[in-house]
Protein chains: 2
Amino acid sequence: MDNQQKDTEIKILDAAKEVFQQKGMTGARMQEIADKAGINKSLLHYYYRSKEKLFEKVFNMAVSIFIPKMLEIMLSEKPLFEKLEFFINNYIDLLTKHPYIPGFVINELNRNPQFLLNIFEKNVQIKEKKLFERVDVQIQEEVKKGILNPIDTRHLITNVIALVVFPMVARPIIQGVMFENDKKQYDSFLKERKAFVLSFVINSIKV
Amino acid sequence: MDNQQKDTEIKILDAAKEVFQQKGMTGARMQEIADKAGINKSLLHYYYRSKEKLFEKVFNMAVSIFIPKMLEIMLSEKPLFEKLEFFINNYIDLLTKHPYIPGFVINELNRNPQFLLNIFEKNVQIKEKKLFERVDVQIQEEVKKGILNPIDTRHLITNVIALVVFPMVARPIIQGVMFENDKKQYDSFLKERKAFVLSFVINSIKV
DNA sequence: GTCTATACACTGATAGAC
DNA sequence: GTCTATCAGTGTATAGAC
């Protein structure tokens with residue numbers, strides 16, 4: 001693979017990422033991706049045989065941005081409160097850097113619920129089959145030690161992810177209704193959330 | 001407008017709702033909507049001049065399902081904790097009855113951020129211009145009275161909505177990863193959340 | 001109000017020259 | 001590896017008969 005080829009491939013993926021994330025699989029047009037990449041439509045089919053294959057590649061790249069960090073945090077040996085702080089800080093940063101991805105993923109989730117699950121299971125479950133169980137054990141131990149109030153692990157995990165991800169997904173409406181559509185204000189709102197969400201969660205579960 | 005006409009219109013809207021909510025504006029096909037309604041493609045254009053207009057109608061109907069209840073709750077004179085309980089219970093019920101709508105709305109939000117805002121402002125802001133301010137005043141009063149810890153109203157509202165809505169939007173992945181894709185288990189998980197989310201929020205903000 | 005037939009544009013994809 | 005030309009299929013939308 002020479003440099004020329006690599007350049008073209010990168011240009012294609014960059015363009016495809018942009019168009020797919022903004023318009024979804026069905027809304028995206030191969031012509032627009034080609035234009036944005038500065039190449040011909042046919043070349044897209046030369047590198048990726050079909051729109052579907054190109055989309056899968058982009059979708060995989062998007063999802064895999066978020067998985068390694070999650071694994072690292074969940075599998076670490078820190079106490080729960082530190083894990084929470086790490087997770088919340090890192091994911092709000094990550095989401096700020098890639099704001100389109102959650103909407104992109106949820107969009108696709110509607111169209112094809114099984115697709116993401118396959119990716120997820122390939123990347124996560126195989127590497128660490130008992131990911132959920134490990135977190136559950138840790139939490140229930142900390143409950144026994146009297147650090148935490150009794151709590152259902154599934155609800156807790158759901159809550160933390162919801163608090164972190166939802167404000168990105170629903171940004172247009174929250175920003176519009178509560179911040180008079182002021183982008184800067186909403187950006188600092190998101191920054192504040194690092195501390196706010198952490199204390200919100202900890203307040204709720206600590207003894 | 002005779003009964004025949006009304007029947008057809010309802011059949012069209014039902015079919016359109018189903019297809020648009022599942023496939024989004026760009027993924028939906030007029031042919032599929034016509035088939036599902038048991039009519040001809042041309043008749044769709046007779047009732048609604050274009051796909052875009054039909055979509056707007058369906059989208060408006062979807063959003064307006066959630067607005068009256070929200071207004072009723074937020075404008076009532078109950079103390080905050082009761083408002084929270086009402087909101088959480090009613091919205092989890094409403095979302096269970098209309099599970100596709102949040103994903104549908106968020107999907108469209110990505111495609112056209114301004115569209116939902118216009119609907120929202122027409123329905124909400126005009127009826128009650130200072131909706132947010134009223135809730136804010138109530139919360140800050142209860143803080144002064146010593147019922148609540150000091151808290152930012154915007155973060156609190158965002159959190160409550162996130163905790164209620166996100167598990168519906170991300171259902172396929174949460175159900176897949178944490179519930180082995182068991183639909184029934186996830187349904188009871190959602191029911192549990194009424195009590196869980198309420199105490200999670202109140203624990204976090206009460207003095 | 002409902003149908004058939006059809007216009008017209010555009011889409012993803014391929015063939016073939018260089 | 002990259003382009004031009006082109007295809008077959010499908011999309012929305014309209015015209016016109018009944």
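Numbers restart at 1 for each chain; the letters A, B, ... are given by sequence-line order, proteins then strands. Quick caveat, the model's predicted, so the values are computed rather than measured.
With sequence neighbours excluded, the residues satisfying side-chain contact (heavy atoms from CB on, under 4.5 Å) with B:Gln140 are B:Asp136, B:Val143, B:Thr153.
In this entry the distance linking CZ of A:Phe55 with P of C:dA13 reads 14 Å, nearest Å. With rounding to whole Å, A:Ile12 atom CD1 is found 11 Å from D:dT2 atom C1'. Across the protein-nucleic acid pair, A:Tyr46 atom OH and D:dT4 atom P stand 17 Å apart, rounded to whole Å. If you take NZ of A:Lys41 and C1' of C:dG12, they are 7 Å apart, rounded to a whole angstrom. The nearest whole Å value for the distance from the CG atom in A:Leu43 to the C1' atom in C:dC18 is 14 Å. Atom P of nucleotide C:dT2 and atom NZ of B:Lys11 are separated by 8 Å, given to the nearest angstrom. Between the NZ atom of A:Lys53 and the C1' atom of C:dG12 there is a distance of 14 Å, given to the nearest Å. The separation between B:Asp35 atom CG and D:dT12 atom P is 12 Å, rounded to whole Å.
Relative orientation of the B:Phe59 and B:Phe115 rings is parallel, given thresholds of 30° and 60° on the angle between their planes. Ring orientation note: the planes of B:His155 and A:Phe196 are close to parallel, at an angle under 30° on the 30°/60° scale. Ring geometry, B:Phe87 versus B:Tyr91: the interplanar angle falls under 30°, so the pair is classed parallel (tilted spans 30 to 60°).
OP1 or OP2 of C:dT2 has at least one side-chain nitrogen or oxygen of B:Tyr47 nearer than 4.0 Å. Look at B:Thr8 and you'll find a side-chain N or O under 4.0 angstrom from OP1 or OP2 of C:dT2. OP1 and OP2 of C:dA13 both lie 4.0 Å or more from every side-chain N or O belonging to A:Arg49. The phosphate of C:dT14 has neither OP1 nor OP2 within less than 4.0 Å of any side-chain N or O from A:His45.
The residue A:Ala28 sits close only to the backbone: its heavy atoms come under 4.0 Å of sugar-phosphate atoms, none of a base.
Looking at A:Ser42, its side chain comes within 3.5 Å of the base of D:dT4 through a donor and an acceptor atom.
Counted by atom type alone, A:Asn60 and A:Glu56 present zero donor-acceptor pairs between their side chains at under 3.5 Å.
Comparing C:dT4, D:dT12, D:dC3 by their closest approach to the side chain of B:Asn40 singles out C:dT4.
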